[in-house]
Number of protein chains: 4
Amino acid sequence: MRKKDLTKEVRIQDATAAIILKEGAAAVSTVKVAKRVGISQSNVYLYFKNKDDLLLSVYQREQARIQAAGDLNQLTDKTIALPVRLRLYMRGIFDYAVDHPESLTLIQQIKFLMGQDDGNPLLATVQGTQNIVETLMQEAVDAGVIRNVPVNVHMSLVFSMIHTHTLNLKRGLYQPTDYSFETFYDLLWSGIKGPAAD
Amino acid sequence: MRKKDLTKEVRIQDATAAIILKEGAAAVSTVKVAKRVGISQSNVYLYFKNKDDLLLSVYQREQARIQAAGDLNQLTDKTIALPVRLRLYMRGIFDYAVDHPESLTLIQQIKFLMGQDDGNPLLATVQGTQNIVETLMQEAVDAGVIRNVPVNVHMSLVFSMIHTHTLNLKRGLYQPTDYSFETFYDLLWSGIKGPAAD
Amino acid sequence: MRKKDLTKEVRIQDATAAIILKEGAAAVSTVKVAKRVGISQSNVYLYFKNKDDLLLSVYQREQARIQAAGDLNQLTDKTIALPVRLRLYMRGIFDYAVDHPESLTLIQQIKFLMGQDDGNPLLATVQGTQNIVETLMQEAVDAGVIRNVPVNVHMSLVFSMIHTHTLNLKRGLYQPTDYSFETFYDLLWSGIKGPAAD
Amino acid sequence: MRKKDLTKEVRIQDATAAIILKEGAAAVSTVKVAKRVGISQSNVYLYFKNKDDLLLSVYQREQARIQAAGDLNQLTDKTIALPVRLRLYMRGIFDYAVDHPESLTLIQQIKFLMGQDDGNPLLATVQGTQNIVETLMQEAVDAGVIRNVPVNVHMSLVFSMIHTHTLNLKRGLYQPTDYSFETFYDLLWSGIKGPAAD
DNA sequence: TATGAATGAGTGTTCATTCAT
DNA sequence: AATGAATGAACACTCATTCAT
């Protein structure tokens with residue numbers, strides 16, 4: 001009995017990611033993916049039941065990686081002060097994104113392709129994983145540690161700032177060392193911190 | 001191309017926009033557009049030479065509207081203090097976006113569909129129009145009025161904050177009156193303002 | 001403005017019918033149909049919105065032809081005695097089927113391919129057209145002119161007898177003149193006629 | 001092929017039959033069958049060399065069952081009068097079909113799917129098995145016991161009458177007790193019996 | 001200006017079948 | 001005996017685009 005080729009599943013995901021980064025999520029097709037991996041088109045369906053399933057898996061893999069980079073346990077550790085935890089969260093994403101500058105682009109592309117149906121139950125599931133951060137943020141809002149605006153506004157600020165930075169890096173506009181995490185953190189924290197921040 | 005019946009040109013754009021908002025930019029097709037307008041498919045090509053051309057025109061129209069909402073003359077008026085001009089700019093976008101909550105979604109969808117080729121010459125053209133704001137921001141950075149981070153980081157913060165807000169409104173998460181412009185402006189300004197801000 | 005090529009619609013139907021007769025309804029594919037007509041595959045969708053739509057149209061066309069062959073007005077003419085009307089009905093189908101020995105095969109093949117979903121609303125519509133005959137038969141049952149068995153049993157007897165006969169003819173088992181309508185009518189009528197038949 | 005595990009061979013046939021009854025013979029696929037049985041797709045090919053082989057075996061099994069229900073020995077027993085033997089034949093099928101209302105549908109579906117090629121050598125083989133009945137009928141025709149029409153016309157009358165009845169039962173249109181065998185036998189016999197019947 | 005017709009290339013997906021294990 | 005992997009061919013259907021009218 002031949003082993004389920006785990007390598008291939010990953011290679012398919014990698015090919016998909018590569019296409020997304022090069023041509024956009026809308027340009028992903030099973031033909032292109034298969035051609036890139038060097039397998040037959042129908043083979044894709046051995047590892048993913050759908051194109052949606054494939055895209056979703058790439059999305060989930062990317063989110064899992066980001067979360068693995070940060071230390072989730074710390075984020076829920078109530079013995080750590082909220083501002084510290086928020087900083088840890090941002091630091092985690094930032095470091096990962098700078099190391100993997102395609103990561104956030106990937107996430108955003110897939111989200112914008114699939115999320116439009118508004119109520120796509122699959123993406124909802126994934127979002128659920130992110131609830132840890134959302135919960136953390138909501139806590140911080142309630143405690144007055146960060147400003148009283150909708151939490152997804154806070155989150156989108158973090159995301160778009162870091163994403164834009166990594167895009168700039170990828171385009172070679174400047175060097176990673178030109179702007180430190182502190183620079184961005186400072187900017188953001190000055191903006192979002194609430195009356196009870198310190 | 002692009003002849004007499006201006007009404008129809010607009011109706012085609014409107015239909016395109018509607019499809020983007022409902023199903024995402026990737027779902028736009030000349031068939032759907034034509035059906036929605038009630039014309040024949042080939043008629044679309046009388047007004048737009050391409051599907052890309054069509055999408056681009058919707059993109060440009062939307063950006064033009066936003067800019068028309070703000071007072072561009074003021075933004076370049078050197079007799080007005082930089083912080084004031086920046087506020088005017090944000091206010092302009094904010095007011096327009098709250099009034100037209102689909103606007104930023106439209107822009108983002110098209111950008112993410114077409115912009116991925118990275119070097120799409122058409123979108124580059126459009127970006128040019130936005131140089132007014134970019135120039136303003138760069139000026140502010142140079143003067144130390146806002147922090148020394150890449151200007152597109154500043155801009156993406158403005159964009160994503162307001163966009164997230166309008167999405168929340170459209171989803172009915174809260175009422176427009178629940179969060180004033182001041183709230184968001186305060187947050188953002190606290191974040192981005194530089195040493196020479198006041 | 002080019003005229004909607006009515007010829008082609010018919011040619012597509014004809015090709016479909018030919019395939020059904022040669023290989024069975026399950027073997028119909030848009031590729032085969034198009035190839036047979038000498039057009040591109042996608043062209044089929046200009047004339048029929050579906051493969052189902054195409055099959056259905058062939059089905060309906062065949063039924064319409066059969067009904068046009070018989071004189072429907074007579075069947076509902078209450079001044080004509082029931083036995084006479086029943087005979088007219090059988091005669092109509094018989095003559096048409098002998099002249100067009102593929103007709104009943106066509107109908108049966110499509111019915112067996114599409115009708116399995118049991119509740120296919122499209123076929124139901126078509127069956128509706130046949131209600132005229134069903135009504136006639138029910139009348140005859142109620143009047144004791146034909147035996148008290150479910151009307152569709154009566155109808156299937158007529159159909160299968162004639163169908164088998166035409167199949168035999170097509171296979172060249174014997175000549176049309178070898179068995180007259182009278183022969184079959186006699187057989188059937190002796191079977192189905194009720195106590196109040198004469 | 002066709003090795004040890006007889007249970008599995010049967011289970012595959014059962015699954016096939018179930019699919020035919022639910023979705024029609026054209027919808028049968030080895031994937032679906034395997035899924036239904038809970039085995040791997042390729043396993044099917046251990047028991048049947050073909051999809052055609054599989055379908056054929058289901059067909060043959062069904063015909064064998066029907067024939068086993070009737071007493072074949074009696075049908076060829078020349079000491080029994082022809083009319084009696086014909087009645088026995090009809091009674092056998094009727095009883096079996098009422099008990100197994102899917103039986104005739106199964107046979108018909110497969111016949112219509114495979115038999116269209118007209119000359120399918122496999123089905124021809126099967127028909128051979130039925131020669132016993134055909135011979136009986138031919139004998140009856142020659143003796144003037146039943147009318148002088150092609151024997152397959154006689155046979156199709158029997159088949160379609162009973163089939164329609166069982167379909168009605170399955171659809172719940174009436175109860176099995178509502179129409180006795182006698183009712184149908186009487187109808188049919190009155191129709192087909194020849195000058196030398198009694 | 002407007003349209004219906006036409007097409008070729010493309011889409012995602014399913015399938016029957018084979019083969020190494 | 002049984003399976004997972006693999007594939008090539010087929011499928012229905014959609015699309016952007018062109019062209020004659």
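Order of the sequence lines fixes the chain letters, A, B, ..., with proteins taken first and strands second; residue numbering starts at 1 for each chain. Note that the structure is a prediction, hence the values are computed from the model and not measured.
- The separation between B:Leu46 atom CG and E:dG4 atom P is 13 Å, rounded to whole Å.
- Comparing C:Lys51 and A:Ile39 along DNA chain F, the residue whose closest nucleotide (by nearest heavy atom) sits nearer the 5' end is A:Ile39.
- For DNA chain E, none of the residues of residues 29-38 of chain B falls under the heavy-atom distance limit of 4.0 Å.
- Interatomic distance, CG of A:Leu54 versus OH of A:Tyr59, reported as 15.0 Å (0.5 Å rounding).
- Listed by chain and number, the residues in a side chain to side chain donor-acceptor pair (under 3.5 Å) with B:Lys32 are B:Glu23 (sequence neighbours excluded).
- Listed by chain and residue number, nothing satisfies the salt bridge (Lys or Arg N to Asp or Glu O under 4.0 Å) test with C:Arg36 (two or more places apart in sequence, or in another chain).
- Computed from coordinates, the D:Glu23 CD to E:dC15 C1' distance equals 14 Å when rounded to whole Å.
- The shortest distance between the side-chain N/O atoms of D:Lys8 and the OP1/OP2 oxygens of F:dA2 is below 4.0 Å.
- Remark: B:Ser42 pairs with B:Ser40 by the side-chain contact (heavy atoms from CB on, under 4.5 Å) rule, at least two apart or across chains.
- One atom, CG of A:Asp52, and another, P of E:dT11, lie 16 Å apart when rounded to the nearest Å.
- Atom OH in B:Tyr45 sits roughly 20 Å away from atom C1' in F:dT21 (whole-Å rounding).
- In this view, C:Thr30 and C:Gln41 satisfy the side chain to side chain donor-acceptor pair (under 3.5 Å) rule, not counting sequence neighbours.
- Nearest heavy-atom pair, A:Ile12 versus A:Val44, reported as atom, atom and distance to 0.1 Å: CD1-CA, 4.2 Å.
- Side-chain proximity of C:Gln41 to E:dG10, F:dA2, E:dT17: nearest is E:dG10.
- Using a 4.0 Å heavy-atom criterion, one finds that B:Val28 contacts the sugar-phosphate atoms exclusively.
- Shortest non-hydrogen contact noted between B:Ala25 and B:Ile110 is CB-N, 4.3 Å.
- Each of D:Ser42 and C:Ser40 has a nearest nucleotide on DNA chain E; the 5'-most of these lies closest to C:Ser40.
- For A:Glu102, the side-chain contact (heavy atoms from CB on, under 4.5 Å) criterion is met by A:Leu21, A:His100, A:Lys170, not counting sequence neighbours.
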Exercise. If pairs are Watson-Crick or G-U with both distances under 3.5 Å, what is the dot-bracket string of DNA chain F, marking crossing pairs with [ ] and pairs to another strand with |?
Worked result: .||||||||||||||||||||

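- Between B:Asn50 and the phosphate of F:dT17, there is a side-chain N or O to OP1/OP2 separation shorter than 4.0 Å.
- The nearest whole Å value for the distance from the CD atom in D:Glu9 to the P atom in F:dA1 is 12 Å.
- Here the C1' atom of nucleotide F:dT14 and the CZ atom of C:Phe48 are 18 Å apart, to the nearest Å.
- Partners of D:Gln108 under the side-chain contact (heavy atoms from CB on, under 4.5 Å) rule, at least two apart in sequence or in another chain, are C:Gln108, C:Phe112, D:Phe112, D:Phe159, D:His163.
- In this structure, CD1 of B:Ile12 is placed 14 Å from P of F:dA16, rounded to the nearest angstrom.
- Contact annotation: D:Asn43 side-chain N/O to F:dA1 OP1/OP2 distance is not under 4.0 Å.
- As rounded to whole Å, 4 Å separates atom P of F:dA6 from atom OH of A:Tyr47.
- Under the rule for a salt bridge (Lys or Arg N to Asp or Glu O under 4.0 Å), the partners of A:Arg61 that lie at least two apart in sequence or sit in another chain are A:Asp14.
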